[in-house]
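Worksheet: the structure to be examined is printed underneath.
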There are 2 protein chains.
Amino acid sequence: MPDSTFPEVRSLDLFADMSDENYAKLMRGAYLQTFPPHVDLIGEGEDADFLHVLVSGAVDLFSSWSNRETSVMIVKPVSTFILAATIRDARYLMSARTMEKSRIVMIPSQDVRAIFDLDAGFARAVVVELAACYRSVIKTTKNLKLRTALERLANYLLSRSQDHDGALNFVLDLEKRQLASVLGMTPENLSRAFKALQAYGVQVNGENVVINNMDDLQTFAKPTSLIDDNRT
Amino acid sequence: MPDSTFPEVRSLDLFADMSDENYAKLMRGAYLQTFPPHVDLIGEGEDADFLHVLVSGAVDLFSSWSNRETSVMIVKPVSTFILAATIRDARYLMSARTMEKSRIVMIPSQDVRAIFDLDAGFARAVVVELAACYRSVIKTTKNLKLRTALERLANYLLSRSQDHDGALNFVLDLEKRQLASVLGMTPENLSRAFKALQAYGVQVNGENVVINNMDDLQTFAKPTSLIDDNRT
DNA sequence: CGTTAAATTGACGAATCTCAATGCACGTGG
DNA sequence: CCACGTGCATTGAGATTCGTCAATTTAACG
């Protein structure tokens, strides 16, 4: 609420197209908060009172049922989360916790909905953002239903390699236990999956990954932009 | 293009709030087509040239990878499909085929995007619709990652019971092979799952389902509105 | 009826989870 | 500096879930 209008937030695609006036209105009731690692931010089932914008750090969006828990997605800066619940004035479908020290801007949901009606540029950006989120989750579903755990892991490694400009060695950006949950498997199974990928030239040492034979791995993983690409 | 402006479409939430003028503009380039059963409408990977509105019949949205195929969702009238690809001017992530004889209105994607910018009511409706779709897919992901196939089936039956006003017996609205694909299992596994649910008082005869002991089934299935509810 | 596709059943194997034990890193406090 | 937690990762053994293949039964429809 102070003078600062959160420049990192302003430059987000979601807010870039709106008028200064409406942006100011939107941020009037917002506040920036810093959280330590491993702090619960949101519990699934709660009302979506705020749209959250992750400015720095990392947030785990997870869900529980019947003593089981799974990580649905990991949010990296700078991006928003739980936009859909805010729009629909509904309950959160996922819980959220910080993975590292994180700075988060919280914008009252009712303000988001109000400004949405006032600002066509913002409305357009929300739609484009939501459509991207939707497509991303569809890809997750296809990944889960069409592939085995080993295939999901292989494609995950190829994706990370792409993120590093196609590098043949890189560092995992997630704890293995986290990665296992994201990929829909147990940590034990992940360990064995890494070993199984040795047959395709993958070496893993701690958090370091080396792809010795990109062709072999790609032949096995059969990546496709209709599942693995984060952009289109 | 003719006089008819597709009243069934007009009354959809998505189009209800827009001006007559903009609705007319949107429908200027649209056309209604009737398809026989089991006709391919869309192949994944193709450009999203049209927003589709299913007026009657049923459409299967499915996806293939590496010789495998899975049904991601079933579309029932009256609703749109592949709105997200239209909005983002991207390629379809899913293929579509008719399950029965179906009437479908096809609206050029560029018109949808153009009218979106002109009509705030339409913009708002698109966002609300997309947010609902997003939340629905999140629930699908949770269902897949947190539950076994048997649990998914049990909850599916409870959902269908709810759809029939809580009736203890009802008729499956999908072929079993289709249902298996939607639930992420093989037809053989579905057969055995139905048998396994006998232990909880479920009787299946052809397409007829009887729930003899709702409490038993609910105790086993542990349904939750954060996964199973289609509305919120 | 006869043809076709779906559904079921059985036998088997692969994929995955669970439980328990061990190993390994990292940080704290002595 | 080292002992010792603590938590994550790994490994092994065994059970469970689930998929595959083949054969059979059932249902649907001309």
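In what follows, chains are A, B, ... by sequence order, proteins preceding strands, each numbered from 1.
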- Item | Among dC18(D), dC19(C), dT16(C), the one nearest E188(A) by side-chain distance | dC19(C)
- Query: Is it the case that R10(B) places NZ or CZ above or below the six-membered ring of F6(B), under 6.0 angstrom from the centre and within 45 degrees of the axis?
  - Reply: no
- Message: Nearest 0.5 Å, please: how far is OG1 in T70(A) from CG in L183(A)?
- Response: 9.5 Å
- Note on the structure: Among dA6(C), dT18(C), dC18(D), the one nearest any side-chain atom of R177(B) is dA6(C)
- Note on the structure: Side-chain contact check for S191(B): nearest option of dT8(C), dT20(D), dT10(D) is dT8(C)
- Taking CG from N189(A) and P from dT11(D), how many angstroms apart are they, rounded to a whole number? 13 Å
- For atom CG of N205(B), is the number of surrounding heavy atoms from other residues, nucleotides or ligands below 6.0 Å larger than 12? no
- Task: Using atom CZ of R68(B) as one end and atom P of dA14(C) as the other, report the distance to the nearest whole Å.
- Result: 15 Å
- Task: Find the distance L183(B):CG to dC18(D):C1' and express it as a whole number of Å.
- Result: 14 Å
- Item | d(CZ, F194(B); P, dT8(C)) in whole Å | 7 Å
- If you check the R192(B) side chain, which of dC8(D), dT9(C), dT17(D) turns out closest? dT9(C)
- Message: So, does T186(A) get its side chain near the phosphate of dC17(C), meaning an N or O under 4.0 Å from OP1 or OP2?
- Response: yes
- Query: What's the closest nucleotide to the M185(A) side chain, out of dG19(D), dC17(C), dA9(D)?
  - Reply: dC17(C)
- Task: Compare the minimum distances between each of dA15(C), dC18(D), dA11(C) and the side chain of A149(B), then state the nucleotide with the smallest one.
- Result: dC18(D)
- Round to a whole Å and report the spacing from CD of E151(B) to C1' of dC17(C). 13 Å
- Query: Could you state the NZ-C1' distance from K145(B) to dT16(C), rounded to the nearest angstrom?
  - Reply: 15 Å
- Message: Measure CG/N205(B) against P/dT25(D) and give the value in whole Å, please.
- Response: 18 Å
- Task: May I ask you to check whether over 12 heavy atoms, not counting those of D13(A), lie within 6.0 Å of atom CG?
- Result: no
- Task: Starting at atom NZ of K176(B), determine the distance to atom P of dT9(C), rounded to an integer number of angstrom.
- Result: 9 Å
- Message: Looking at every heavy atom in both A221(B) and N155(B), which two are closest together, and how far apart are they?
- Response: O-ND2, 2.9 Å
